[in-house]
Novice: 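One structure, pasted below without further comment.
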Amino acid sequence: MRTWQLRKGDWQELDDHLRKLIKSTLYLPTRATNDYQYGSAAAGSCGIPLAAEDSDVFVIDSAFKLLTTPDQDTRNIAREDCTKVVTRRLREDATLVNVCQYLSKEAMAQRPTDHETVWSRARNASARLDTKWSADGEELALTCGERTMTKKERRLVARNIRNHHRGLRDERLQDKPDQGKVMKQVAKVRASSSFIYDGAFTTFADWRFIHRARHNLLPLNGARRFNVNSDKRCRRCRNPNETLPHVLNHCMRLSNPMNKRHNALVQRIVKAAEGRFWKVITANQQIPGIDSNLRPDIVLEKNGEVLLVDVTCPFENGEASLDEARLRKEQKYAPIAAALRRTYKQVTVHAFVMGSLGSYDPRNDKLMNRLASKKYQKLFRKLCVTDTIRWSRMIYIEHVTGARQY
């Protein structure tokens, strides 16, 4: 790529061939957005590089390193050669500012050149990747997005340009009202998508389910793109609209596996708490001596301090969905906490929130910092994510086929 052994069209052809294979590996239909494949890993996407884009990135990177190299002789030769190219284009002596205008592909006279050079390739690549060149005296700088790179950051040029364009794809994906709404929550914690890279704790059945589920591409009556006049009712409870949120969170015919998904997370929290000698006072029971019918999932006590923990698995229906679920739980159990403060010196309410498609809420860390070490929390997040995905897949399969998976 750096030495232009293949043309950009060749790399583009490679991308076109691989795209179908990648979607097949992810069990995604062809209509699934490409931004999920090529977005950043930090935002929950697959982070697969685009060969055509990388070929442009490395051409820009090589040109910038030649023009800013610490070796003075090499730098002078590179700048002299680039200035000659611009001079031929302008038909007058070019300055370093003219060189930056040329490399940024700003408006200049359209005159034919003798042959293709590394500078003309860098010029075209800079235009495609929206990268601007600038000069401050004798110093050159590159600007891509909001990041400006000088010669001190010459080793970060390729990484920063690539990350900028991956970030743009992340934004496009998350702005999609249908395929992107879940990804806004997935992007908040890296553990929500860690299974993409190592497959840890994830079965092939879960893998085939989760990518389509997160993009709302599962075949349900309420998610049909065509034949809009068809019956959209739930095939189990006859709800007017059979959507994925309804199936995973609201269809009462599936309340048993929903409870098992909930209980799997409760057991994970109890196991973590036992490691630091927290005592379980009650589990899914009314608290003795408290005039209330509410039954928090776990009540933990240690040295006169009490934690009321309640688990919830809302659907990731937009950016604020998990926050709203947390607030409801905290308000629900606030009266119980007030009553317990008459007996215990410190009482706090904690909602443990997991999206039903495996989005780990970062605000869970406030609780888990009390219950587990930093090292164990890394494993804990992954286990909670895979447990949630596994049970949500079982709920979906039981809904569609009627066959229990547990």
Side-chain angles (χ1 to χ4, degrees), residues 1-5 7-8 11-12 35 38-43 47 49-111 113-172:
M1 289 181 177
R2 290 185 181 276
T3 57
W4 210 252
Q5 298 299 309
R7 311 290 296 182
K8 180 179 175 63
W11 296 116
Q12 185 65 60
D35 293 328
Y38 305 121
S40 67
L50 274 166
E53 181 180 273
D54 276 2
S55 68
D56 282 342
V57 168
F58 290 127
V59 166
I60 296 172
D61 182 65
S62 296
F64 186 75
K65 285 179 176 175
L66 284 171
L67 295 173
T68 60
T69 177
D71 185 84
Q72 186 173 355
D73 292 336
T74 304
R75 183 173 68 250
N76 290 340
I77 292 171
R79 292 194 178 190
E80 182 182 352
D81 185 59
C82 186
T83 302
K84 286 181 180 179
V85 172
V86 180
T87 298
R88 286 199 300 269
R89 183 67 174 265
L90 295 175
R91 295 182 183 173
E92 61 182 44
D93 291 339
T95 64
L96 196 58
V97 173
N98 297 136
V99 168
C100 292
Q101 291 174 341
Y102 171 80
L103 293 173
S104 299
K105 206 166 187 179
E106 296 181 6
M108 301 182 77
Q110 296 293 326
R111 297 190 178 96
T113 54
D114 310 17
H115 56 277
E116 188 177 46
T117 66
V118 64
W119 317 115
S120 64
R121 294 196 292 268
R123 166 184 166 87
N124 292 329
S126 297
R128 287 191 287 265
L129 298 183
D130 196 23
T131 303
K132 303 298 181 184
W133 297 67
S134 59
D136 183 9
E138 292 298 312
E139 299 297 326
L140 289 176
L142 272 177
T143 300
C144 185
E146 298 180 354
R147 185 71 179 266
T148 298
M149 296 157 283
T150 62
K151 66 178 182 180
K152 294 180 181 179
E153 298 177 288
R154 54 199 305 271
R155 294 188 177 185
L156 303 176
V157 168
R159 180 193 304 174
N160 290 336
I161 295 176
R162 186 189 296 113
N163 287 344
H164 169 70
H165 286 276
R166 284 181 175 175
L168 294 178
R169 288 190 282 271
D170 292 336
E171 292 176 6
R172 288 199 301 268

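Since the model is a prediction, treat every value here as computed from it, not as a measurement.
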Novice: Could you give me the CA-CA distance, side-chain angles and deciding distance for Glu53 and Arg128, then say whether salt bridge (charged side-chain N to carboxylate O under 4.0 Å, His left out) is met?
Specialist: CA-CA 9 Å; Glu53 181 180 273; Arg128 287 191 287 265; over 6 Å; no
Novice: How far does CG of Asp54 sit from CH2 of Trp11, to the nearest 0.5 angstrom?
Specialist: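 If I round to the nearest 0.5 Å, the distance is 9.5 Å.
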Novice: Heavy-atom count check: over 12 atoms from other residues, nucleotides or ligands less than 6.0 Å from Asp71 CG?
Specialist: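 Yes, enclosed.
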Novice: Show me the donor-acceptor pairs, under 3.5 Å and distance only, between side chains in residues 131-145 and residues at least two apart or in other chains.
Specialist:
unit_1: Thr131; atom_1: OG1; unit_2: Leu129; atom_2: O; d: 3.3
unit_1: Trp133; atom_1: NE1; unit_2: Ser126; atom_2: OG; d: 3.0
unit_1: Thr143; atom_1: OG1; unit_2: Thr148; atom_2: OG1; d: 3.1

Novice: Do Leu156 and Arg147 come within less than 4.5 Å of each other through their side chains, counting heavy atoms only?
Specialist: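 They are in contact (side-chain heavy atoms under 4.5 Å apart), so the answer is yes.
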Novice: Using 0.5 Å steps for rounding, measure from the NE2 atom of His164 to the CZ atom of Arg169.
Specialist: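 Reported value, rounded in 0.5 Å steps: 10.0 Å.
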Novice: With rounding to the nearest 0.5 angstrom, report the CZ to CG distance, Arg121 to Asp56.
Specialist: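 If we round to the nearest 0.5 Å, Arg121:CZ and Asp56:CG are 11.5 Å apart.
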Novice: Please find the pair of heavy atoms, one from Arg75 and one from Thr69, that lie closest to each other, and give the distance.
Specialist: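 Where Arg75 meets Thr69 most closely, the heavy atoms are NH1-O, 2.7 Å.
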Novice: Taking the side chain as every heavy atom from C-beta outward, state whether Asn160 and Met149 have any atom pair closer than 4.5 Å.
Specialist: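 In short, these two side chains touch, coming nearer than 4.5 Å.
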Novice: For Arg159, is the CZ atom crowded, meaning more than 12 foreign heavy atoms sit under 6.0 Å from it?
Specialist: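 Open.
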Novice: What distance do Lys84 atom NZ and Glu80 atom CD have between them, rounded to the nearest 0.5 Å?
Specialist: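 Atom-to-atom, Lys84:NZ and Glu80:CD are 4.5 Å apart.
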Novice: If you round to the nearest 0.5 Å, how far is CG of Asn124 from NZ of Lys8?
Specialist: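 CG of Asn124 is found 10.0 Å from NZ of Lys8.
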Novice: Side chains of Asp81 and Trp119: do they bring a donor and an acceptor to under 3.5 Å?
Specialist: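 There is such a pair (donor and acceptor under 3.5 Å, judged by atom type) between the side chains of Asp81 and Trp119.
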Novice: Using residues 59-67 as the side-chain source, report each donor-acceptor pair under 3.5 Å to any protein atom, sequence neighbours left out, with the distance given to one decimal.
Specialist:
unit_1: Asp61; atom_1: OD2; unit_2: Arg2; atom_2: NH1; d: 2.7
unit_1: Asp61; atom_1: OD2; unit_2: Arg2; atom_2: NH2; d: 2.9
unit_1: Asp61; atom_1: OD2; unit_2: Lys65; atom_2: NZ; d: 3.2
unit_1: Ser62; atom_1: OG; unit_2: Arg2; atom_2: NH1; d: 3.1
unit_1: Ser62; atom_1: OG; unit_2: Phe58; atom_2: O; d: 2.9

Novice: Please round to the nearest 0.5 Å and tell me the distance separating atom OG1 of Thr68 and atom CZ of Arg79.
Specialist: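 Answer for the OG1-CZ pair, Thr68 versus Arg79, is 7.5 Å.
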Novice: Between Ser55 and Met1, what is the shortest heavy-atom contact and its length?
Specialist: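 In this case the closest contact between Ser55 and Met1 is N-SD, 3.7 Å.
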Novice: Measure from NZ or CZ of Arg123 to the centre of the six-membered ring of Tyr102 and say whether it is under 6.0 Å with the direction within 45° of the ring axis.
Specialist: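 Output yes; distance and angle both within limits.
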Novice: Mark yes or no for whether Asp170, through its side chain, and Ala43, through its backbone, hold a donor-acceptor pair below 3.5 Å.
Specialist: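 It does not hold such a pair.
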